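Indexing begins at 1, ligand by ligand and atom by atom, following the structure's order. Everything quoted here is computed from the prediction, not taken from an experiment.
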Amino acid sequence: MSTYVISGAASGIGAATKNRLERDGHRVIGIDLRNADVEADLSTPAGRVEAVRQVTELSPDGIDGLVPCAGIAGFTGTDPALLISVNYFGAVALAAGLKPLLDLRDAGSVVLIASNSVTCQPGWAADDIVAALLADDEDTARRLATEHEAVNLYPVSKFALASWARRESVKPEWGGRGIRINSIAPGLIATPMTDELRKDPVFGPFADVYPNAMGRPGRAEEVAALIAFLLSPDSSLIIGTMILVDGGTDAILNVVPPRSDERTTFPS
Ligand code: NAD
């Protein structure tokens, strides 16, 4: 039996992952605003510290994995700065804060939740915000975010998460000591978040505009299955990657995979 920590555990993908892992015989510590083992607001530094404190109290002898799943969408009226704080800092601060508990075990796994909006939603580039996020500069990122619409900041926050996973995963203190970091990029998944999307006066009509090969939205359980695999020792060679779990949306919209001459060069 392993002990896993999941934020956003009260709803949608987080709840499905909690159910899946518990069914597989694991212990899950859920974090959420309400209806969770640890009730904390991950949009603020104080809330994140409190979440780490409570998880540490519940599992002082360590944890085997972390899934920072809490996130919000960029709907009409969503505060852009709040989106950045929850989706990016609410995830990476948990990873950093719970690292001492991961270090207590021989191996571990962190699965960040990106999104296929990174490769499928057009026109979201905001390099200055991505740079501020990866520099761990929340004040600057929040200030810059107010110049954008939340809908375009959603893929920004998710791209930065996938980039953080890539950068950190290969460091000696993570991958080097057996703690694997990866991200996953779900497409449209039927959850309370996408139920809300359909009600949005501006973005609702776009809910089903992204095609996939199955002709139906993904199910939270299908995403949970990938997360369970990435947490398990069966995925021991998978480090630093972003795995799409979108029923083929990315394959339909981006027909040509990346070519070798578009890759970055090897470090000298
Ligand atoms: P959801 O709305 O059903 O669940 C999100 C959970 O996060 C909720 O329980 C909510 O209370 C919690 N949360 C929000 N703000 C919080 C805060 N400040 N502190 C603590 N908890 C907070 O959403 P979902 O669809 O299950 O999404 C889960 C994750 O998957 C999110 O990161 C989302 O961006 C990502 N995602 C979802 C989809 C999709 O189509 N549903 C697609 C790609 C990625």
Side-chain angles (χ1 to χ4, degrees), residues 5-20 29-52 54-55 66-75 78-79 81-95 97 111-121 138 150-151 153-162 165 183-200 203-204 206-210 212 216-224 226-227 242-247 249-250:
V5 175
I6 302 177
S7 73
S11 178
I13 295 169
T17 306
K18 183 174 192 296
N19 289 342
R20 165 65 194 254
I29 299 173
I31 306 172
D32 210 304
L33 289 168
R34 286 168 287 281
N35 303 321
D37 307 296
V38 171
E39 297 189 351
D41 182 354
L42 297 171
S43 71
T44 68
R48 296 167 206 149
V49 168
E50 178 58 16
V52 168
Q54 286 193 44
V55 171
L66 167 67
V67 186
C69 196
I72 59 173
F75 296 142
T78 300
D79 174 1
L82 178 69
L83 185 146
I84 287 294
S85 284
V86 175
N87 287 10
Y88 184 81
F89 292 102
V92 299
L94 268 192
V111 184
L112 296 160
I113 315 299
S115 156
N116 80 342
S117 61
V118 168
T119 57
C120 297
Q121 183 176 319
E138 188 165 5
V151 67
L153 289 173
Y154 183 78
V156 170
S157 68
K158 299 300 190 178
F159 175 73
L161 277 184
S183 66
I184 63 165
L188 186 90
I189 310 299
T191 68
M193 178 185 278
T194 47
D195 291 346
E196 280 304 305
L197 168 64
R198 290 200 167 77
K199 294 182 205 151
D200 189 289
F203 304 115
F206 295 100
D208 297 307
V209 89
Y210 290 95
N212 69 44
R216 64 161 175 83
R219 301 185 190 103
E221 294 72 23
E222 295 174 305
V223 181
L226 173 60
I227 295 171
M242 182 181 90
I243 300 182
L244 285 148
V245 50
D246 71 349
T249 303
D250 178 73

K.L.:
Have a look at ligand 1 and work out which part of K158, if any, has a heavy atom under 4.0 Å from it: side chain, backbone, both or neither.
P.N.:
side chain
K.L.:
Quick check on contacts: which atoms of ligand 1 are under 4.0 angstrom from a heavy atom of S43?
P.N.:
18 (N)
K.L.:
Is there a polar contact between ligand 1 and L42, counting only N or O atoms under 3.5 Å apart?
P.N.:
yes
K.L.:
Can you name the closest pair of heavy atoms from R34 and A10 and give their distance?
P.N.:
O-CB, 3.5 Å
K.L.:
Could you list which atoms of ligand 1 come closer than 4.0 Å to a heavy atom of G187?
P.N.:
38 (C), 39 (C), 40 (O), 42 (C), 43 (C)
K.L.:
Which protein non-hydrogen atom lies closest to atom 36 (N) of ligand 1, naming both residue and atom, and how far is it?
P.N.:
Y154 OH, 3.4 Å
K.L.:
Which is it for I189 and ligand 1 at heavy atoms under 4.0 Å: side chain, backbone, both or neither?
P.N.:
both
K.L.:
Counting only heavy atoms closer than 4.0 Å, does ligand 1 sit against the backbone of A40, its side chain, both, or neither?
P.N.:
backbone
K.L.:
Please write down residue, atom name and distance for the protein heavy atom closest to atom 1 (P) of ligand 1.
P.N.:
S11 OG, 3.5 Å
K.L.:
Can you name the atoms of ligand 1, numbered from 1 with element, that are less than 4.0 Å from a heavy atom of T194?
P.N.:
39 (C), 40 (O), 41 (N)
K.L.:
Tell me, which protein residue and heavy-atom name are nearest atom 31 (C) of ligand 1, and how many Å apart are they?
P.N.:
C69 O, 3.2 Å
K.L.:
Give the atom numbers and elements of ligand 1 that come within less than 4.0 Å of a heavy atom of A70.
P.N.:
7 (O), 13 (N), 21 (N), 22 (C), 32 (O)
K.L.:
At under 4.0 Å between heavy atoms, is it the side chain or the backbone of A190 that contacts ligand 1, or both, or neither?
P.N.:
neither
K.L.:
Answer yes or no: does an N/O atom from L188 fall short of 3.5 Å to an N/O atom of ligand 1?
P.N.:
no
K.L.:
Given side-chain contact (heavy atoms from CB on, under 4.5 Å), test E196 with F203 step by step and report yes or no.
P.N.:
CA-CA 10 Å; E196 280 304 305; F203 304 115; over 6 Å; no
K.L.:
Distance under 4.0 Å to a non-hydrogen atom of V86: what atoms of ligand 1 satisfy this?
P.N.:
15 (N), 18 (N)
K.L.:
Can you pull out the closest protein heavy atom to atom 27 (O) of ligand 1? Residue, atom name and distance to 0.1 Å, please.
P.N.:
M193 CE, 3.9 Å
K.L.:
With a heavy-atom distance limit of 4.0 Å, tell me whether L33 approaches ligand 1 through its side chain, its backbone, both, or neither.
P.N.:
both
K.L.:
Among K158, Q121, M242, which one satisfies side chain to side chain contact (heavy atoms under 4.5 Å, CB included) with S115?
P.N.:
K158
K.L.:
I'd like to check whether T191 has a polar contact with ligand 1, where a contact means an N/O of the residue lying under 3.5 Å from an N/O of the ligand.
P.N.:
yes
K.L.:
Under 4.0 Å from a heavy atom of G12: which atoms of ligand 1 are those, numbered in the order shown and with their elements?
P.N.:
3 (O), 26 (O)
K.L.:
Rounded to the nearest 0.5 Å, what's the gap from CG on L112 to CG on L66? Could you check?
P.N.:
7.5 Å
K.L.:
Using distance alone, decide if ligand 1 has a nitrogen or oxygen within less than 3.5 Å of any nitrogen or oxygen in A10.
P.N.:
no
K.L.:
Shortest non-hydrogen contact from M193 to Y154?
P.N.:
SD-OH, 4.5 Å
K.L.:
As an exercise, state the distance from CD1 of I13 to OG1 of T191, rounded to the nearest 0.5 Å.
P.N.:
6.0 Å
K.L.:
Report yes if some N/O of I13 lies less than 3.5 Å from some N/O of ligand 1; otherwise report no.
P.N.:
yes
K.L.:
Apply the test side-chain contact (heavy atoms from CB on, under 4.5 Å) to residues S7 and L94: give CA-CA distance (whole Å), side-chain angles for both, the deciding distance (0.1 Å), then the verdict.
P.N.:
CA-CA 9 Å; S7 73; L94 268 192; 3.8 Å; yes
K.L.:
Between CG of L83 and OH of Y88, what distance do you get to the nearest 0.5 Å?
P.N.:
14.0 Å
K.L.:
Can you find an N/O atom of D32 closer than 3.5 Å to an N/O atom of ligand 1?
P.N.:
yes
